[in-house]
Structure formats: structure tokens, C-alpha cells
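To start, the structure under review is shown below, and the notes come after it.
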Protein chains: 2
Amino acid sequence: MKLATYNANSVRARLPLLCDWLRRERPDLLLVQETKVRDEAFPVRDFEDQGYQVVSRGQKAYNGVALISRRPCRRILRDLFSEGDTEARFLSASFDDIPVINVYVPQGFQVGSEKFQDKLKFLETLLAHVTDRYRPEKPLIVAGDLNVALEPVDVFDPEGLEGEVGFHAEERAVLRRFMDWGLHDVFRKHHPEGGHFTFWDYRVPNAVKRRMGWRVDYILATEPLSRRCSNAWIDVAARMLPKPSDHTFLVAEFDLGDSG
Amino acid sequence: MKLATYNANSVRARLPLLCDWLRRERPDLLLVQETKVRDEAFPVRDFEDQGYQVVSRGQKAYNGVALISRRPCRRILRDLFSEGDTEARFLSASFDDIPVINVYVPQGFQVGSEKFQDKLKFLETLLAHVTDRYRPEKPLIVAGDLNVALEPVDVFDPEGLEGEVGFHAEERAVLRRFMDWGLHDVFRKHHPEGGHFTFWDYRVPNAVKRRMGWRVDYILATEPLSRRCSNAWIDVAARMLPKPSDHTFLVAEFDLGDSG
DNA sequence: GAGCTCGATG
DNA sequence: CATCGAGCTC
């Protein structure tokens with residue numbers, strides 16, 4: 001099974017790039033974040049034309065997540081919070097009985113701000129959701145834009161960025177607890193060396209060439225799946241195409257035998 | 001000499017279409033209206049790369065006219081009104097001693113409105129400019145988006161549109177006086193039958209296929225040039241391309257012998 | 001329907 | 001740098 005995650009920064013603005021990429025890579029499942037579109041306006045047809053189905057949890061202008069898959073899904077869940085989500089940042093479903101959670105974690109604005117607290121709250125709630133409902137011995141995938149770089153090798157300037165939003169001890173500690181519970185970072189498993197990024201700020205000139213990026217997008221898997229992850233890679237070239245998102249694709253392949 | 005006029009509805013938005021068209025048609029001179037860009041931001045390079053020179057009279061966001069030519073021009077004039085123009089709607093220059101006036105006449109909003117009066121004032125001032133400075137026995141071209149359909153055959157529904165802005169007796173009367181003075185509509189000369197249009201409103205679904213257009217773009221020439229006009233045509237296909245302007249190209253060819 | 005500006009967000 | 005509205009024009 002080939003799974004990818006992509007913060008599109010508008011699924012409509014990224015439609016040509018996305019369609020080209022799907023045509024070439026043909027993943028079984030693509031998790032998209034920052035679709036920035038209401039469900040009624042999601043360009044479903046463009047994906048259906050390529051043999052994909054779309055489940056979307058969107059809102060106007062901001063956030064929005066979607067599951068784009070070749071096979072149907074079950075057990076769709078659109079809300080992380082028991083009160084119902086005010087922002088479209090969470091979407092989970094099962095594909096061939098493998099539960100997949102797609103998240104777009106709040107960026108957090110500034111350390112100490114109310115938005116930063118919301119970010120921590122979101123991560124804590126997601127962690128509780130995972131630990132309450134799943135077991136590390138069973139298959140589970142949690143993936144998307146977590147908006148946190150876990151280790152110093154996951155940012156281009158760990159000293160300079162230490163304590164900044166996205167690389168602050170408090171966020172990293174919460175993310176660490178996902179790992180401690182039993183979620184494995186499948187990209188890290190295949191690339192322990194670091195210096196690989198999935199996001200480069202538009203505002204930094206030539207950020208990709210200058211390797212001024214962050215690794216904030218993840219595919220996390222419990223042990224039975226992580227064990228079967230045969231490959232994981234970041235499509236840096238897709239960040240160099242015309243009209244790119246500020247993120248790029250993270251891909252993982254799982255050897256699931258006949259069942260997947 | 002091959003001359004074309006085109007209301008681009010943003011020269012920047014139309015850059016791919018324009019460049020493709022120039023590569024294919026290679027006119028000696030292209031008159032553009034609604035460039036919608038300040039002179040400093042005009043994409044001059046894209047035209048220079050194809051062997052064209054650009055003279056532009058632009059403003060921010062609205063209006064804007066330009067002369068795009070393979071040969072240099074002389075006697076550039078950027079203002080129609082003696083007080084200096086507040087809107088970028090007029091640009092004239094001489095090419096091989098043939099004076100060419102490029103205009104974007106105000107659309108006029110609604111009959112009876114102040115903008116409609118401005119439109120009539122613009123047309124009257126242009127007529128005075130022409131009759132004061134030129135003679136019908138000498139070469140002169142006046143072309144561009146005149147925003148007036150002269151005759152019933154120049155709109156898709158003459159009965160329904162009678163009296164509407166763009167097809168009102170008062171505007172048509174002023175335009176008629178250009179003809180009476182000695183300017184000839186070179187497209188009409190080759191296509192007396194009517195039913196040919198240069199503009200189709202974006203808001204009318206399938207307007208081109210349904211032939212729901214207007215002929216409001218013109219190439220007018222004095223007798224010594226009109227006599228030599230060997231061909232004139234409207235490139236309807238260019239209105240059917242992806243991301244078209246709401247207008248399309250009007251082209252005329254003149255047999256000028258060695259001198260042009 | 002499709003350009004434009006502007007102020008917002010990241 | 002590149003999204004998004006809103007409000008404007010044609």
C-alpha cells in the first residue's frame with residue numbers, strides 16, 4: 001500500500017500539480033491538508049476522473065482536510081473534539097480495515113499566544129483520542145501536517161530556531177508522547193541521518209536550494225504497520241515545480257501482502 | 001502590413017495566449033487595450049523575446065493601451081485631452097510615417113449616467129482630434145475598442161439591445177461622424193453581411209457558440225489605406241481558447257508595396 | 001465570469 | 001511569496 005500526505009495550501013490552486021502528481025505516483029491513499037475550500041466546492045470531479053474517491057472535511061478559506069483514495073473507506077469521523085470541531089483539521093476513516101487519521105495541527109502563531117495554547121490543546125486532544133481508541137499492537141496510521149519539528153535534525157537551524165513556534169520544547173514533548181505510546185515515524189526509520197524537510201517558507205528566497213526547510217509533515221504508524229514499511233521518501237522536486245505549495249509530498253510504502 | 005487590435009482584459013493574465021498568438025500570426029503591429037497594468041510593470045521582455053517593441057500608456061488596475069510593433073515608432077502621443085488624460089485610454093504613434101491611433105473608449109455604464117456622458121465626450125474629443133490634425137486624403141488608422149456597435153448587424157439582438165449602452169442612437173451617431181469624415185471600417189468592407197462579432201460577455205454562458213456577441217472593436221482607415229486593405233478577419237477561435245479575454249483579435253492586411 | 005486592489009494570514 | 005476574502009469594474 002502506497003500512502004502519501006500533502007499540505008496543498010489550497011486544493012484548487014494546486015489542482016494541476018496534484019493531478020499530474022497522482023497520475024505519475026498513483027498512491028492508494030493521499031491525505032491532503034489546507035484544502036481551503038468548503039465541501040460543496042471541492043473539485044471532486046478532477047480526482048474521480050483519475051479513479052479516486054474523495055472524502056473532505058472543509059471550511060471556507062482556511063484549514064480543510066481530505067482523504068483521496070482509490071478504494072472506498074468506512075467509519076468516517078469528522079470531529080476530534082467531543083463538542084464538535086470549530087475548525088476543519090481532523091478526518092479519519094478506515095481503508096481495508098486500517099484506521100487512518102488525517103490531521104492539520106494548528107500552526108500556533110507565536111509561543112505564548114492563545115493560538116499556541118490551542119495548538120497544544122489540539123495535540124493533547126489528538127493524543128488522548130489515539131490512546132483511548134486504539135492500541136499500539138494494532139494497525140493505525142496518523143499522518144498529516146503536525147506543524148512541529150521533533151528533533152534538531154528536523155529544522156535547518158536548530159540553534160537559531162530553538163524555542164520558536166514549530167520547534168518549541170513544549171510542542172516537541174507532546175509529539176514525543178505519540179512516539180512513546182507506540183507510533184513510529186516511518187520516514188525517520190528509513191532516513192536516520194536528518195536534514196530532510198517537507199516544508200519551506202515561501203518568504204525565504206530560494207529556501208529549497210539553500211536547504212532552509214522544516215520537517216513538520218509525518219506519517220506515523222503503529223508497530224505492525226511500521227514493521228512493514230518498505231520505503232519512505234520526500235518528493236522535493238514537487239516543491240520546485242511552478243506554482244508549488246509551500247509543503248511537499250511525503251510518501252510511504254507498506255508491504256501488506258494480499259490484504260492491502 | 002498586417003495590423004491587429006485586441007482588448008486583452010489584462011495583458012498579464014493574457015500573456016501566454018498573446019505570445020502564442022504573436023508567434024503564429026506575426027503582425028507588424030498589434031494594438032492592445034485594457035492592459036490593466038502600470039508602465040513599469042508591463043511585461044515588455046516577453047514581447048521583446050519575440051522581436052517586438054512595446055510602447056505603453058498604462059495605469060493601475062483599469063484601462064491601459066499599448067502599441068506592440070516589429071518596427072520602431074515616432075511621434076508618440078499619450079494624451080487625447082489638452083488638460084492631460086486622467087485615464088489611460090489613448091496612445092498614438094507613427095509607423096513608417098503612417099499615423100496610428102489606439103483607443104479604448106469608455107464603456108459608458110448606463111445610458112443617462114455620468115459615465116455615459118464621459119463616453120460621448122471622449123468620442124467627441126477623439127473626433128475633434130482626428131478632424132483637427134489629419135486629413136481624409138492622407139493615411140491614418142484609428143483602431144481599438146470603440147465600445148459602440150455601429151449598425152444593427154453588429155449586435156446579436158438589435159431589437160432587444162436598441163438603446164442599451166454600446167448600441168444607443170447617440171453613440172452610434174458620433175461614431176457615424178468618424179465615417180462621414182472619411183474613416184472606413186475595413187472589416188465591414190470585406191464582410192458586408194454582418195453577424196460577425198469581436199466581443200462576447202463572460203457572463204453569458206456559451207456566448208460564442210450561441211453567437212451572442214457584439215462588434216465593438218474596429219480598424220478604421222482613411223481612403224488611401226482602406227483602398228489597399230486586402231483582407232480583414234476576426235479570430236473567433238482565440239476567444240475559445242483556455243483563459244481567453246472577453247474580446248478577440250481583429251486583423252487587417254494592407255498592401256503597401258515597398259514602403260511598408 | 002473574470003480581471004483588478006487591498007488587507008489579512010502564514 | 002502566495003493563499004484567502006471583500007468590493008469594484010465591465
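To find a chain, count down the sequence lines: A is the first, B the second, and so on, and within it residues start at 1. What's counted below: heavy atoms across the whole structure, side chains too, no hydrogens, waters or symmetry copies. Computed from a prediction, not measured in an experiment: that's the story for all the values here.
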Value in whole Å for how far the [atom2] atom of [N] lies from [atom1] of [X]:
{"X": "A:Trp200", "N": "D:dT3", "atom1": "CH2", "atom2": "P", "result": "17 Å"}
{"X": "B:Asn9", "N": "C:dG3", "atom1": "CG", "atom2": "P", "result": "7 Å"}
{"X": "A:Asn63", "N": "D:dG5", "atom1": "CG", "atom2": "P", "result": "12 Å"}
{"X": "A:Arg210", "N": "D:dC1", "atom1": "CZ", "atom2": "P", "result": "13 Å"}
{"X": "B:Arg14", "N": "C:dC4", "atom1": "CZ", "atom2": "P", "result": "8 Å"}
{"X": "B:His247", "N": "C:dG3", "atom1": "NE2", "atom2": "P", "result": "13 Å"}
{"X": "B:Asp145", "N": "D:dC10", "atom1": "CG", "atom2": "C1'", "result": "10 Å"}
{"X": "A:Gln59", "N": "D:dT3", "atom1": "CD", "atom2": "P", "result": "18 Å"}

Next item on the list: Sugar-phosphate atoms are those with a prime plus P, OP1 and OP2; base atoms are the rest. Using that split, label each nucleotide of nucleotides 5-10 of chain C B, S or - for protein heavy atoms under 4.0 Å, 5' to 3'.
Entry: SS---B
Notebook entry, point to check: Taking the side chain as C-beta and beyond, is there a heavy-atom pair between A:Val11 and A:Phe47 under 4.5 Å?
Noted result: yes
Note to self: Contact between A:Leu30 and A:Tyr6 at the side-chain level, heavy atoms closer than 4.5 Å - yes or no?
What the structure shows: yes
Check: Would B:Trp21 and B:Asp235 count as a side chain to side chain donor-acceptor pair (under 3.5 Å) if you check the C-alpha gap in whole Å, the side-chain angles of each, and the deciding distance to 0.1 Å?
Finding: CA-CA 10 Å; B:Trp21 195 86; B:Asp235 187 354; 2.7 Å; yes
Notebook entry, point to check: Does A:Ser10 place a side-chain N or O at less than 4.0 Å from the phosphate oxygens OP1/OP2 of D:dC4?
Noted result: yes
Note to self: Can you see if the side chain of A:Lys243 gets near the phosphate of D:dT3 - specifically, an N or O under 4.0 Å from OP1 or OP2?
What the structure shows: yes
Margin query: I'd like to know if B:Asp118 and B:Lys121 make a salt bridge, using a cut-off of under 4.0 Å between side-chain N and carboxylate O.
Written below: no
Notebook entry, point to check: Is the closest basic N to carboxylate O distance between B:Glu162 and B:Arg172 below 4.0 Å?
Noted result: yes
Notebook entry, point to check: Does the ring centre of B:His196 sit less than 6.0 Å away from the ring centre of B:Phe187?
Noted result: yes
